[in-house]
Amino acid sequence: MSGRKVLAAAAVVTTAIAALATPAHAANPIITAIYTADPAPLVVGNTMYIYAGRDEAPTGSSNFLMREWHVLSSTDAATWTDNGAKATIATFGWAGADAWAGEVEPRNGRYYWYTSVNGNGPGWMNIGVAVGDSPLGPFTDAKGGPLISDSTANSAGLNIDPTVFVDDDGQAYLYWGGYWSPRAVKLAANMIDTVGAVVTPQGLTNYWEAPWMFKRSGLYYLMYAANDTNGCVTDSAYACQRYATATNPLGPWTQRGIVLGQVSSTTNHAGIVDFNGQSYLVYHTADAPGGGTFRRSVAVDKLFFNADGTIQRVTPTTGGGDGNLATSATASTSYVSSWESLAAINNGGVPANSADRSNLAYGNWPQQGTQWVEYTWPTARSISRTATYWFDDDQGIDLPASCQVQYWNGSAYVPVPNQSSCGVAGNTENVTTFGPVSTTRLRLSITSRTGLSTGVLEWKAYQA
Ligand code: FUB
């Protein structure tokens, strides 16, 4: 039986117990060195693994470019390691492109990695299966051909997004399907053959793609991406995560509500897992610097069940666990000296003093007068506080004469409302508070002292 897909109700905190639990909180997105998507969590021992595709599409692209799957891991759900690509399109000799969503299911000491991949011939997407002897592999093709393809009777409109669940009696089930067509079939004990007919599960209202199945307290749960505008999304190019429950693994299902609303990427793909006594929702967004619908990043947030088994809707967090949204913003500036770095301002560095360059420094020498640094987010953020640590190299860069926090109101940059003084002290964080603004762009306007330039070591922007 899978330790992942059968959630222990006693270990899954309810609202009342949640107040006592203080498990670690991830800084979202959890990995920003590469773009990652379609996360599927798995807990083995004291480690949470996340199996995710890698988005390699260049900026401005309007297509996926996905050639490999990475495995991320953590022992505290807060600090994450990218263990690298553990499967690629080349893992499947019969495949040619599109390393789309996958999921790993353990059985009998082996780890079966079900993937969406483009068959290199007739038809488009297929479900493949690789196998390894550890959560990190190595993984090899378990079957030598697709488990599900367009030639499978009653297959989906698009054969993608597998989720596999092993019930208490040892029977395994595969769910999958895109283009509004969920499908399910039993798997043989060898985990690489189907048994019986492919069925069309009933009751998955507004199903679009990306199923995720698990069992808790004897009840079967199926979370899935939907894209209706009836409470799910404001634009059907986007998706939310709805969930349904059933008393039989093959349904019929009853739609129960929304787990996660529309995110900043058009696609919405998620998994649920229990880890160290806390439930987590693992999903993706376009929130990383430079991110987009084809440049997504995995995020992790706590999830809570109510006492009656229903799921509380998750409010996605961005930035660090302290609410600093700067780490998920794209920074820009009016000017940066070639030997200094704009990356300094939102790299999370903790300066020892205003001359401390150990976490990089932003400076605009030889510019004088008013310059600016700015943060941009793909969707609006609600912000009510900033904290600025100024750079002062005791040469051409000095503390500013004054500063002002501004935001883009849709047509112009204007001062944030009711701004407390914009401090210019050295060797400390200068906190500025203001009435909450909802904006995609926040700007720090900096005016130098006569004959000098200005610099910043860290500029934080806090969620309201
Ligand atoms: O990443 C490619 C596809 O986008 C996945 O298979 C879908 O679930 C959607 O996230």
Side-chain angles (χ1 to χ4, degrees), residues 29 31 34-41 50-57 61-70 72 85 87-89 92 95-104 113-119 123-129 146-150 155-164 174-183 204 206-213 222-227 232-233 236-243 259-272 281-288 291-299 316:
I31 295 275
I34 61 169
Y35 295 105
T36 51
D38 304 326
I50 295 177
Y51 298 83
R54 178 180 181 185
D55 270 338
E56 297 184 81
S61 170
S62 52
N63 288 303
F64 291 119
L65 177 58
M66 304 182 76
R67 298 180 286 205
E68 58 192 34
W69 295 272
H70 281 231
L72 316 179
T88 72
I89 291 165
F92 303 98
D98 298 333
W100 287 12
E103 179 186 314
V104 170
W113 196 341
Y114 299 86
T115 61
S116 316
V117 69
N118 194 331
W124 187 20
M125 296 303 290
N126 306 261
I127 308 293
V129 53
L147 173 63
I148 301 290
S149 72
D150 287 351
S155 71
L158 188 63
N159 291 304
I160 59 170
D161 297 357
T163 181
V164 170
L174 166 67
Y175 271 79
W176 81 100
Y179 288 169
W180 304 280
S181 51
R183 295 291 185 268
L204 299 176
N206 301 118
Y207 178 95
W208 163 242
E209 61 182 11
W212 176 265
M213 190 173 176
L222 201 110
M223 180 173 66
Y224 56 93
N227 63 352
C232 170
V233 290
S236 58
Y238 287 78
C240 72
Q241 290 288 331
R242 288 188 178 276
Y243 78 105
V259 179
L260 177 68
Q262 181 173 323
V263 295
S264 49
S265 56
T266 54
T267 59
N268 195 329
H269 194 118
I272 292 174
L281 181 76
V282 183
Y283 58 103
H284 69 217
T285 68
D287 287 347
T293 279
F294 304 100
R295 293 156 67 81
R296 300 161 292 181
S297 295
V298 170

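Numbers here are sequence positions counted from 1. When a ligand or atom number is given, it counts from 1 through the structure's own listing order.
Nearest heavy atoms, N227 versus W180: OD1-NE1, 3.6 Å. Minimum interatomic distance between A37 and D55 (heavy atoms only, all atoms of both residues): CB-OD2, 3.7 Å.
Atom 6 (O) of ligand 1 has D161 OD1, 2.6 Å as its closest protein atom, hydrogens excluded (heavy atom only). Here the heavy atom of the protein found nearest to atom 9 (C) of ligand 1 is E209 OE2, 3.3 Å. Nearest to atom 4 (O) of ligand 1 among the protein's heavy atoms is R296 NH1, 3.3 Å. Among all non-hydrogen protein atoms, the one lying nearest atom 10 (O) of ligand 1 is D38 OD1, 2.6 Å.
Aromatic ring pairs are classed by plane angle as parallel below 30°, tilted from 30° to 60° and perpendicular above 60°; the pair H269 and H284 is tilted. Ring planes of Y179 and W124: tilted class, angle from 30 to 60°.
The backbone N or O of D161 sits less than 3.5 Å from a side-chain atom of S116, completing a donor-acceptor pair.
Annotation: N268 places no N or O atom under 3.5 Å from an N or O atom of ligand 1; distance criterion only.
Under the 4.5 Å side-chain criterion, counting only non-hydrogen atoms from C-beta, T267 is in contact with E209. Counting heavy atoms from C-beta outward, E103 and W176 have side chains that stay 4.5 Å or more apart.
Of all the heavy atoms of A101, the ones lying under 4.0 Å from any atom of ligand 1 are found in both the backbone and the side chain.
Proximity to T267 (heavy-atom distance under 4.0 Å) selects the following atoms of ligand 1: 4 (O), 9 (C), 10 (O). Using a 4.0 Å cut-off to heavy atoms of H284, the atoms of ligand 1 that qualify are 10 (O). Residue F64 has at least one heavy-atom neighbour below 4.0 Å for each of these atoms of ligand 1: 2 (C), 4 (O). Close contacts between ligand 1 and M66 involve ligand atoms 1 (O), 2 (C) [criterion: under 4.0 Å to a heavy atom]. Proximity to H269 (heavy-atom distance under 4.0 Å) selects the following atoms of ligand 1: 7 (C), 8 (O), 10 (O).
A side-chain contact (heavy atoms from CB on, under 4.5 Å) with V298 is found for one member of T285, T36, D38 and no other, namely T36.
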